[in-house]
Each structure stands twice: as C-alpha cells, then as structure tokens.
Amino acid sequence: MARHLITSALPYINGIKHLGNMVGSMLPADVYSRYLRQRGHEVLYICATDEHGTPAELAAKEQGLPVADFCAQAHDAQKAVYDGFALAFDYFGRSSSEQNVEITQHFARRLNENGFIEERAIRQVYSPTDGRFLPDRYVEGTCPHCGYDKARGDQCENCTRVLDPTDLINPRSAISGSTDLEVRETKHLFLLQSKLQHEVEEWVSRHEDDWPQLASSIARKWLNEGLHDRAITRDLDWGVPVPSDTWPELAAEGKVFYVWFDAPIEYIGATKEWSDLDPENRDWKSWWYDVDTDVRYTEFMAKDNVPFHTVMFPATELGVREPWKKVDYVKAFNWLTYYGGKFSTSQKRGVFTDQALDILPADYWRYFLIANAPESDDSSFTWEHFTATVNKDLADTLGNFVNRVLSFSKKRFGEEVPAGGEPGEAEAKLGEEIARLLAEYETQMEALQFRKAAAALRALWSAGNSYLEEKAPWLEIKTDKDGAALTLRTAMNLIHLYAVVSEPFIPASSAAMRQAFALKDDTATWITADEARTLTALTPGTPFTVPPVLFAKLTDEDLETYKERFGGSPE
C-alpha cells in the first residue's frame with residue numbers, strides 16, 4: 001500500500017476558528033486520512049498552529065500576556081476544539097517549536113548559499129509614537145482597491161488583494177492608532193523568486209492538470225503575472241530569528257523571518273516534532289527527504305492559501321537545491337459563507353467551532369460541512385439548510401433506520417440477531433445495489449470529491465430504507481416469521497456495513513452502531529464488494545443492544561433559538 005503524507009493549512013493562533021476554516025482544510029483532510037487508513041494505507045496527517053507574525057503579538061498585547069504564553073494557551077485551546085471534532089491528527093504541532101526554527105534557518109542558509117536571498121535596503125513605515133518600524137499587519141487603513149477601511153498592510157480581508165503598507169489610504173498604527181507615520185530606510189532579506197520563476201513554472205506544469213481547477217488556475221494566475229522578489233523578514237519581537245552566523249547585522253537588529261516563510265516549513269518541522277517524541281520508531285526524513293516515488297503528499301487548504309502553497313513554498317523548496325518532498329495534490333476549497341457573507345475571525349461573524357460543539361455533537365457538523373463542502377464554488381451556511389440536512393439525512397434516513405430495525409427486532413425476536421429465512425430476489429437486488437453504491441463512494445473518496453462521496457454515502461443509507469419499506473417486516477411477521485427474521489437480519493448487516501463505511505464522516509455515530517453488536521473479533525476496516533453483496537457479517541445469535549438515538553431531530557424551536565443567538569444573516 002502507498003504511504004500518504006497529508007497536511008492541512010495551519011490554523012492561525014489568534015482565536016478559535018469558524019466553520020469555514022474547519023471545512024476549508026482540517027475536516028476534509030481528516031475525512032480523507034480516516035478513509036485511507038481504513039483501506040490499509042500508511043498515513044501521516046500533520047498539522048500545527050501557525051504562531052508567528054503580527055496578529056499573535058497584537059492578540060497577546062490585548063490580553064496582557066507575553067506572546068509565548070499567549071500562544072501556548074491558544075494552542076491548547078484550539079487543540080481541545082479539534083479533539084472535540086474528532087480530528088485524528090497524527091501530530092498537531094507548533095510553528096514556534098525548536099524544530100521549526102532549526103529547519104527554517106537551514107532553508108534560509110541554503111537559499112543564501114545558492115544565490116536566492118539578497119539583503120536590500122527598503123523604505124518602511126515607522127511610527128515615532130510607538131518608537132519602532134511597523135511590519136505590514138501593524139499598519140491599517142483603507143484598501144485602495146475596494147475601499148474597505150479596516151484593510152491590513154499585507155492583505156485586504158474584504159477583497160483578498162495582496163497589499164503593501166504604503167498602498168493603504170489614511171494609514172494608522174495598529175498598536176497605538178497613531179496616524180503620525182513616517183517612511184524610513186531599513187534592511188531586509190528578500191527571496192529572489194524572480195530567479196526561480198522558470199523552475200516553478202516547469203514544476204507546476206507537471207502537476208496542474210491533476211489538481212482541481214481552483215488550485216491550478218490560482219497558481220497559473222500568479223505565474224502569468226510573474227513572480228516578484230519578496231521580503232522574508234520583519235521587525236518583530238516574536239518569530240524565527242535570522243541566524244547570526246549568516247546575517248549578523250540583521251540578527252543584531254532583531255529581525256525575524258516573515259510568517260509566510262516559516263509557516264509552510266512547519267509541515268516539516270511538525271513532522272520532526274512528531275519524530276522526536278519516539279526517534280527509535282519514527283523517521284521524519286523518510287516522509288520528507290528524497291522520497292518522491294515513495295510518498296504521495298496531499299495538501300488541503302482554502303483558496304486564499306493556494307498561492308503560498310503552489311508557488312511560494314515550492315519556490316523555496318526548489319531554491320534550497322535539496323530533495324525535499326513537494327506536494328503532489330492540492331485540494332483547494334472555495335469559501336463557506338454565512339448567509340452569503342464572509343465568516344470572519346477578526347469580526348466574529350458566523351458560527352465558531354467551539355460554539356458549534358456547545359450546541360450539538362461533532363458528527364452533526366462533520367456530516368453537514370462535508371456534504372456541503374465549497375468545492376466547485378462558494379457555498380452558504382444557513383440555519384434552515386443545516387436543520388433540514390440534519391433532519392432528513394442523519395435523523396430520518398440513518399438514525400431512524402438503525403433505531404426501528406433494532407427496536408423492532410428486539411421486541412419480536414429478543415436481543416440476538418434472528419435466525420430464519422433464506423436470501424431471495426429482494427436480498428440479491430439489495431446486495432447488487434449496495435455493492436454499486438459502495439464502489440461509487442470509493443471512487444469519489446479516491447478522487448477527493450467530498451460532496452459526491454457524501455451523496456454516495458447518503459444513497460447507501462437510503463438503500464436500506466427502501467429495502468425495509470419493500471419488505472415491511474412489521475407486516476411480514478404476521479404471515480412469515482422466518483421471512484421477517486431474514487429481513488431484519490439483512491437490515492442489521494446493513495447497519496454494520498454503515499458503521500464501517502460511515503466512519504470517515506461520522507466517527508462517533510459509527511462507533512455507536514458498531515458497538516451495538518457483540519461481534520467477536522470484529523476487525524473489519526472496510527467492506528469488500530463481495531461482502532456488500534452477501535451482507536453476512538452478522539450471523540444468527542449475535543447479541544445486540546439498541547443504542548441511544550443517534551441523531552435527534554431539530555425542531556422549529558431549535559431553529560429559532562440558533563438564529564436568535566447567531567443571527568439569520570451575515571450582518
């Protein structure tokens with residue numbers, strides 16, 4: 001089996017993330033990782049908090065904490081939420097780790113040795129009031145492109161255009177609010193991406209036909225516009241320090257690397273963090289160094305992160321002239337909106353992941369988000385759509401099937417899988433349908449088409465309901481007890497199948513379905529086509545229990561409560 005390296009875009013440290021962030025990176029990566037593990041592949045799923053940069057310093061200042069303490073607390077808080085969502089990371093690291101510092105500085109030295117880093121004097125915003133140069137995010141103002149008055153000096157959150165602080169209209173200090181700003185000369189390191197343009201173009205051309213159109217089109221747009229040399233250092237107190245053995249003057253001035261230089265390197269750094277916990281049994285380089293034919297590397301991210309992962313980080317990896325593993329497949333997502341407006345961490349608009357878990361268990365959210373993942377275009381979260389999906393798919397289609405099959409069988413046959421009856425035409429027809437739908441589900445999961453995979457999974461659940469309605473064991477038992485036993489036994493085998501194949505989407509509910517049956521040596525990780533056709537995993541006499549209701553239906557009162565708490569529109 002193949003070895004699969006999987007990473008999702010690093011969540012930034014300043015605050016709990018919203019549902020759009022979850023569905024745009026970490027959750028689909030988790031679903032895919034779980035699926036691959038079930039199919040017998042060796043998987044390493046790596047993520048981490050992105051802890052450097054201006055927002056971390058500003059957030060720490062706002063809370064009156066040293067930035068290191070703030071980041072440590074925020075990392076633990078985020079990890080607790082991701083545990084609540086049952087994200088099965090192999091390791092969830094921190095970009096402030098010693099490992100990331102070591103590898104980032106190594107990359108910088110190698111790029112410098114190969115002629116791809118240059119020290120340049122630039123003119124930068126300085127605040128006499130604050131007594132310091134202001135990095136890009138320490139400058140706020142009005143976007144010259146869309147007029148948004150809270151744009152940052154690196155990017156406008158409203159229109160997503162990349163900016164420089166000097167582009168802003170009516171700029172002000174994000175520290176003090178002072179508009180008394182000057183432009184002074186200072187020195188910074190630049191990554192000479194322009195010298196790597198041709199190599200990056202060749203690399204992208206070898207992969208872009210396999211990537212989703214969203215990822216390849218964004219990469220191609222950046223390349224067509226031409227790669228520009230980019231400053232990779234900042235004037236901050238918090239970050240990966242510029243190594244003094246290579247740039248003593250800049251190190252003495254306290255320069256640190258730009259967060260977008262060290263953050264992608266943290267994928268490697270976090271893998272080393274994982275490896276260093278058990279160095280005798282874990283080899284981080286076997287995943288990252290000189291492994292192009294051995295490891296398939298898949299990245300998950302929202303569209304705003306695509307340029308950094310398809311152009312900037314590959315340029316960095318190419319420039320070090322060492323055989324570091326580069327991404328094979330970029331799974332990019334559009335936006336999940338809140339009633340048509342943007343979720344916003346900074347403006348606290350929309351549903352945040354900790355709030356979601358306060359309302360309902362993780363499986364409700366996991367299924368809804370993946371079934372409506374913004375793959376081909378943006379998708380909108382509304383409470384009406386969420387409620388309808390939960391009630392129709394989870395409560396009525398899956399939950400009700402499990403409950404009525406097990407409850408009715410317990411009432412009429414006791415607490416063991418009933419014996420009697422021989423499979424006939426209806427069971428053969430059902431088996432072929434289940435095998436076909438399972439193949440469709442596998443095809444879409446292999447292709448990382450999550451909405452289509454969810455539709456195939458939903459169709460698998462619906463097939464069980466159709467079979468039950470056709471056979472009607474509540475009527476059948478009146479004239480053919482053995483026939484009713486066969487119907488219920490077949491339906492129970494479907495429940496076991498659902499428990500196995502639904503696990504990537506709804507792991508807690510899948511575990512509850514599986515635990516309902518006291519199967520000896522139940523080690524099934526997947527269901528083969530032949531097993532799907534025969535549906536015989538459970539044999540007569542297997543004990544079972546009726547689990548608690550898997551999914552409670554949401555009421556109109558629930559809907560109104562949610563809308564009142566969070567609003568029924570983005571405003």
Side-chain angles (χ1 to χ4, degrees), residues 5 7 9-10 44 46-53 68 71 91 93-120 187-193 195-196 199-200 203 227 229-234 236 238-279 282-292 294-295 297 299 308-309 311-327:
L5 174 63
T7 63
L10 309 186
L44 185 64
I46 294 292
C47 193
T49 39
D50 180 5
E51 300 188 5
H52 293 140
C71 288
Y91 190 75
R94 302 181 58 186
S95 69
S96 60
S97 68
E98 293 179 5
Q99 292 86 344
N100 194 42
V101 171
E102 173 191 339
I103 298 171
T104 297
Q105 291 181 340
H106 169 78
F107 270 48
R109 292 187 186 99
R110 290 289 295 159
L111 287 164
N112 185 59
E113 291 167 8
N114 296 328
F116 295 119
I117 286 183
E118 184 175 282
E119 186 176 326
R120 294 179 181 176
K187 291 182 179 179
H188 281 285
L189 299 180
F190 277 73
L191 177 62
L192 305 183
Q193 293 185 135
K195 294 177 66 174
L196 289 159
E199 293 179 53
V200 176
W203 178 80
L227 297 189
D229 300 340
R230 190 179 182 94
I232 58 168
T233 52
R234 293 292 188 270
L236 293 171
W238 176 247
V240 175
V242 170
S244 58
D245 58 1
T246 308
W247 296 282
E249 181 183 343
L250 297 187
E253 294 174 3
K255 307 285 188 184
V256 301
F257 286 108
Y258 177 39
V259 63
W260 262 113
F261 181 72
D262 81 86
I265 297 171
E266 168 59 8
Y267 297 133
I268 306 172
T271 308
K272 190 172 189 301
E273 293 173 54
W274 163 81
S275 178
D276 286 349
L277 293 174
D278 187 8
R282 298 173 179 176
D283 179 7
W284 65 279
K285 280 194 172 181
S286 72
W287 292 93
W288 280 105
Y289 199 82
D290 198 19
V291 292
D292 284 339
D294 182 37
V295 173
Y297 178 19
E299 291 178 341
F308 301 102
H309 290 80
V311 176
M312 290 179 60
F313 187 46
T316 297
E317 289 187 294
L318 288 165
V320 298
R321 299 297 191 241
E322 294 174 340
W324 294 98
K325 178 64 182 175
K326 300 169 192 66
V327 65

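Owing to the predicted nature of the structure, the values given are computational and were not obtained by experimental measurement. Throughout, residue positions are numbered sequentially from 1 according to the sequence presented.
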Study note, to complete from the structure: Separation between CZ (Arg282) and CG (Asp276), nearest 0.5 Å, reads 10.0 Å

Check your understanding: Between Ile268 and Phe107, does a side-chain contact (heavy atoms from CB on, under 4.5 Å) hold up when you go through it step by step?
Key -> CA-CA 11 Å; Ile268 306 172; Phe107 270 48; 3.9 Å; yes

Practice item. Answer yes or no: is there a donor N or O on one side and an acceptor on the other, between the side chain of His188 and the main chain of Thr233, under 3.5 Å? Key: yes

**Study point:** side-chain contact (heavy atoms from CB on, under 4.5 Å) between Trp288 and Ile103, intermediate numbers included
**Key:** CA-CA 12 Å; Trp288 280 105; Ile103 298 171; over 6 Å; no

Review point. What is the distance from atom CZ of Phe257 to atom CG of Leu250, rounded to the nearest 0.5 Å?
Key: 9.0 Å

Review point. How many angstroms lie between atom OH of Tyr258 and atom CZ of Arg230, to the nearest 0.5 angstrom?
Key: 4.5 Å

Point to revise | Exceeds 12 heavy-atom contacts within 6.0 angstrom, atom CD of Glu98 | key: no

Point to revise | Check: Arg109 side chain, Thr246 main-chain N or O, donor-acceptor pair, under 3.5 Å | key: no

Review point. Heavy atoms, side chains only, cut-off 4.5 Å: are Glu322 and Tyr289 in contact?
Key: yes

Practice item. Return yes if some donor-acceptor pair links the side-chain N/O of Lys195 with the main-chain N/O of Gly115 below 3.5 Å, else return no. Key: yes

Check your understanding: With sequence neighbours left out, what residues match Thr49 under side chain to side chain donor-acceptor pair (under 3.5 Å)?
Key -> Glu51, His75

Practice item. Measure the CG-CD distance between Asn112 and Glu118 for me, rounded to the nearest 0.5 Å. Key: 10.0 Å

**Study point:** Criterion side-chain contact (heavy atoms from CB on, under 4.5 Å) on Arg120 and Asp229, from CA distance to verdict
**Key:** CA-CA 11 Å; Arg120 294 179 181 176; Asp229 300 340; 2.7 Å; yes

Practice item. Tell me whether the centres of the aromatic rings in Trp260 and His309 are closer together than 6.0 Å. Key: yes

Check your understanding: side chain to side chain donor-acceptor pair (under 3.5 Å) with Asp290: which residues, sequence neighbours excluded?
Key -> none

Review point. Would a 4.5 Å heavy-atom cut-off, applied to side chains only, mark Phe116 and Arg321 as touching?
Key: yes

**Study point:** Minimum heavy-atom distance between Pro243 and Ala251, given as atom pair plus value
**Key:** C-CB, 4.3 Å

Review point. Counting distance only, does the side-chain N/O of Asn114 pair as donor-acceptor with the main-chain N or O of Gly319 below 3.5 Å?
Key: yes

Practice item. Return yes if a side-chain donor-acceptor contact under 3.5 Å exists between Thr7 and Tyr297, otherwise no. Key: yes

Study note, to complete from the structure: In this structure, CH2 of Trp324 is separated from CZ of Arg110 (nearest 0.5 Å) by 10.5 Å

Study note, to complete from the structure: Exactly one of Asn100, Val101, Val240 clears side-chain contact (heavy atoms from CB on, under 4.5 Å) with Ile265, and that residue is Asn100

Point to revise | Pairing residues for Val200 by the side chain to side chain contact (heavy atoms under 4.5 Å, CB included) criterion, not counting sequence neighbours | key: Leu196, Val204, Leu223, Leu227, Val311, Ala315, Leu318

**Study point:** Side chain to side chain, Val327 and Tyr267, heavy atoms closer than 4.5 Å
**Key:** no

**Study point:** Full working for side-chain contact (heavy atoms from CB on, under 4.5 Å) between Ile46 and Trp287
**Key:** CA-CA 11 Å; Ile46 294 292; Trp287 292 93; over 6 Å; no

Point to revise | Heavy-atom pair with the smallest gap, counting every atom of Tyr91 and Ala270 | key: CD2-O, 3.4 Å

**Study point:** Polar contact flag, side-chain donor to acceptor under 3.5 angstrom, His52-Glu266
**Key:** no

Study note, to complete from the structure: Minimal heavy-atom distance between Pro314 and Trp203, with the atoms involved, is CG-CZ3, 3.5 Å

Exercise for review: Kindly compute the distance separating CD (Glu119) from CZ (Phe190), expressed to the nearest 0.5 Å.
Suggested key: 10.5 Å

